[in-house]
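Have a look at the structure below, then the notes.
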Amino acid sequence: MKERLLKFQIGIIVGLAISGISLFAFILFWENIYPLPYQTIQPALQPSTSSPTDLSELTTRVTSLEQNQTYNFQTLEWKLDQKLIILGWVAFFISLIAGAIGIKSYNDLDEIIKEKVGKELDKALYQLDPTNLSIFVPDLNNTNDKNEMEKVWNRLDLTGLENLNWYRGFESGRVKHLFEGVTIVLLKNETDEDKFTDFLKRYKKQLNPKRAAFILYAKDNYKVKSSTFELYENLVTANMPTTVANMVLVVGRGLREKEKK
């Protein structure tokens with residue numbers, strides 16, 4: 001996030017710097033590139049031998065001076081308008097370039113903000129970040145069962161749940177990691193259910209419904225005994241990969257982050 005934010009800031013700074021330098025250069029060198037074409041005033045006529053009271057001669061001189069002055073003012077006004085128009089277009093194109101530099105960074109930053117806000121909302125709803133919730137999927141030897149669990153894994157991954165892990169079962173002796181997060185248990189028959197209930201009874205003191213939850217994947221419409229639900233509070237069932245993904249969020253609401261010491 002910091003890297004994208006830095007990229008966004010650099011893009012804005014570079015764009016503003018280019019705009020400022022270009023506009024300053026145009027203003028500084030404008031007169032050298034486009035000098036104002038002031039019309040030079042005609043030199044004064046030779047002293048006239050006529051009397052100053054000659055009204056027609058005075059009128060001609062005044063008219064000539066007024067015309068020169070009007071021309072110069074019009075030229076100055078036109079040049080100023082031209083200057084503003086050209087500088088305006090230059091500023092516009094530079095803004096487009098600066099925007100092209102910073103737009104992608106801005107979009108990235110916007111996505112980061114949305115992602116961060118979304119996680120905070122999820123955290124408020126589920127008391128933790130569900131994308132980081134530890135989820136354990138059984139790694140089974142049977143080919144059909146393994147394929148089924150891979151479908152569950154893929155469905156969870158598509159849902160946006162990132163912290164997915166395989167586990168070898170309850171008989172391996174390495175079960176302490178299942179005391180945190182959500183564990184999926186494949187139940188095909190009564191034997192599978194008995195293994196799970198034995199696990200619950202054996203580790204009853206270590207298991208906390210606010211820290212660990214279990215989803216019983218009842219395959220082939222296997223019906224879970226009601227007595228199993230009485231052994232543990234945070235426990236639900238599912239029969240398809242899609243419902244497993246939904247149930248992760250359901251049981252996740254009951255979980256809490258581990259308190260920092």
Side-chain angles (χ1 to χ4, degrees), residues 111 114-115 118-119 121-123 125-204 206-229 231-258:
E111 291 177 3
K114 288 181 180 179
E115 181 180 353
K119 286 187 176 182
L121 289 175
D122 288 338
K123 187 174 180 180
L125 289 173
Y126 303 112
Q127 306 302 322
L128 45 74
D129 181 2
T131 58
N132 291 326
L133 179 64
S134 297
I135 302 174
F136 300 95
V137 182
D139 184 9
L140 305 172
N141 295 324
N142 184 283
T143 303
N144 292 332
D145 295 340
K146 188 175 182 63
N147 292 336
E148 187 72 20
M149 290 300 99
E150 287 179 349
K151 293 179 181 178
V152 172
W153 179 290
N154 293 334
R155 179 65 260 181
L156 294 173
D157 185 47
L158 288 174
T159 305
L161 301 169
E162 302 171 355
N163 194 2
L164 302 175
N165 309 274
W166 295 104
Y167 76 98
R168 291 298 300 172
F170 302 116
E171 303 86 8
S172 62
R174 299 178 181 179
V175 294
K176 290 184 178 180
H177 57 287
L178 304 181
F179 297 166
E180 302 281 344
V182 179
T183 301
I184 299 169
V185 183
L186 176 63
L187 299 184
K188 297 181 296 180
N189 48 49
E190 189 173 347
T191 301
D192 293 335
E193 186 174 2
D194 290 339
K195 292 178 181 179
F196 175 65
T197 55
D198 289 342
F199 165 78
L200 293 178
K201 294 174 182 178
R202 189 182 320 123
Y203 297 101
K204 184 177 181 179
Q206 291 92 332
L207 290 171
N208 184 346
K210 293 184 178 180
R211 304 291 292 281
F214 297 90
I215 299 175
L216 305 182
Y217 191 80
K219 189 178 178 182
D220 299 329
N221 296 323
Y222 175 75
K223 187 175 181 180
V224 183
K225 300 175 184 177
S226 58
S227 58
T228 300
F229 292 97
L231 295 176
Y232 198 74
E233 295 180 11
N234 203 353
L235 188 154
V236 295
T237 60
N239 56 9
M240 293 188 301
T242 303
T243 55
V244 171
N246 293 334
M247 288 302 155
V248 167
L249 300 180
V250 171
V251 296
R253 290 186 177 185
L255 300 181
R256 301 291 184 273
E257 285 185 318
K258 190 173 182 179

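One-based numbering along the sequence shown.
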Is there a side-chain contact between T242 and K151 in this structure, where contact means two heavy atoms from C-beta onward sitting under 4.5 Å apart?
no
Determine whether W166 and P138 make a side-chain contact, defined as any pair of heavy atoms from C-beta on separated by less than 4.5 Å.
no
Are side-chain heavy atoms of T191 and K195 found at a separation under 4.5 Å?
yes
Check: I184 main-chain N/O paired with Y167 side-chain donor or acceptor under 3.5 Å
yes
A213 backbone acceptor or donor facing N234 side chain under 3.5 Å:
no
Side-chain contact test, heavy atoms from C-beta onward, threshold under 4.5 Å: evaluate it for R155 versus M240 and give yes or no.
no
Close side-chain approach of Y222 and L186, heavy atoms under 4.5 Å:
no
Does CD belonging to Q206 count more than 12 external heavy atoms closer than 6.0 Å?
yes
Could you measure the distance from the CG atom of L140 to the NZ atom of K188? Nearest 0.5 Å is fine.
7.5 Å
Reported CG-to-CG distance for the pair L161 and L249, which is rounded to 0.5 angstrom
6.5 Å
Testing the basics here: between L207 and A212, what is the closest heavy-atom pair and its distance to 0.1 Å?
CD2-CB, 4.5 Å
Nearest non-hydrogen partners of G169 and V175, listed with the distance
O-CG1, 4.0 Å
Side-chain heavy-atom pair K146, N141 within 4.5 angstrom cut-off:
no
Do other residues, nucleotides or ligands put more than 12 heavy atoms under 6.0 Å from the CD atom of E233?
no
Can you tell me if D198 uses its side chain to pair, donor with acceptor, with the backbone of K201 under 3.5 Å?
no
Shortest non-hydrogen contact from L156 toward A245:
CD2-CA, 3.6 Å
Please round to the nearest 0.5 Å and tell me the distance separating atom CG of L178 and atom CZ of F170.
6.5 Å
Heavy-atom closest contact (E180 atom, S134 atom, distance)
O-CB, 4.3 Å
When you compare the side chain of L216 with that of L235, does any pair of heavy atoms fall below 4.5 Å?
yes
N/O donor-acceptor pair under 3.5 Å between N154 side chain and E150 backbone:
yes
Calculate, to the nearest 0.5 Å, the distance between atoms CG and CG belonging to L187 and D194 respectively.
10.0 Å
Identify the two heavy atoms, one from Y232 and one from L200, that lie closest to each other, and give their separation to 0.1 Å.
CB-CD1, 4.1 Å
What's the separation between atom CZ in F136 and atom CG in N163, rounded to the nearest 0.5 Å?
7.0 Å
Any chance you could measure R211, atom CZ, to L255, atom CG, to the nearest 0.5 Å?
9.0 Å
Are T228 and F214 close enough that some pair of their side-chain heavy atoms sits under 4.5 Å apart?
no
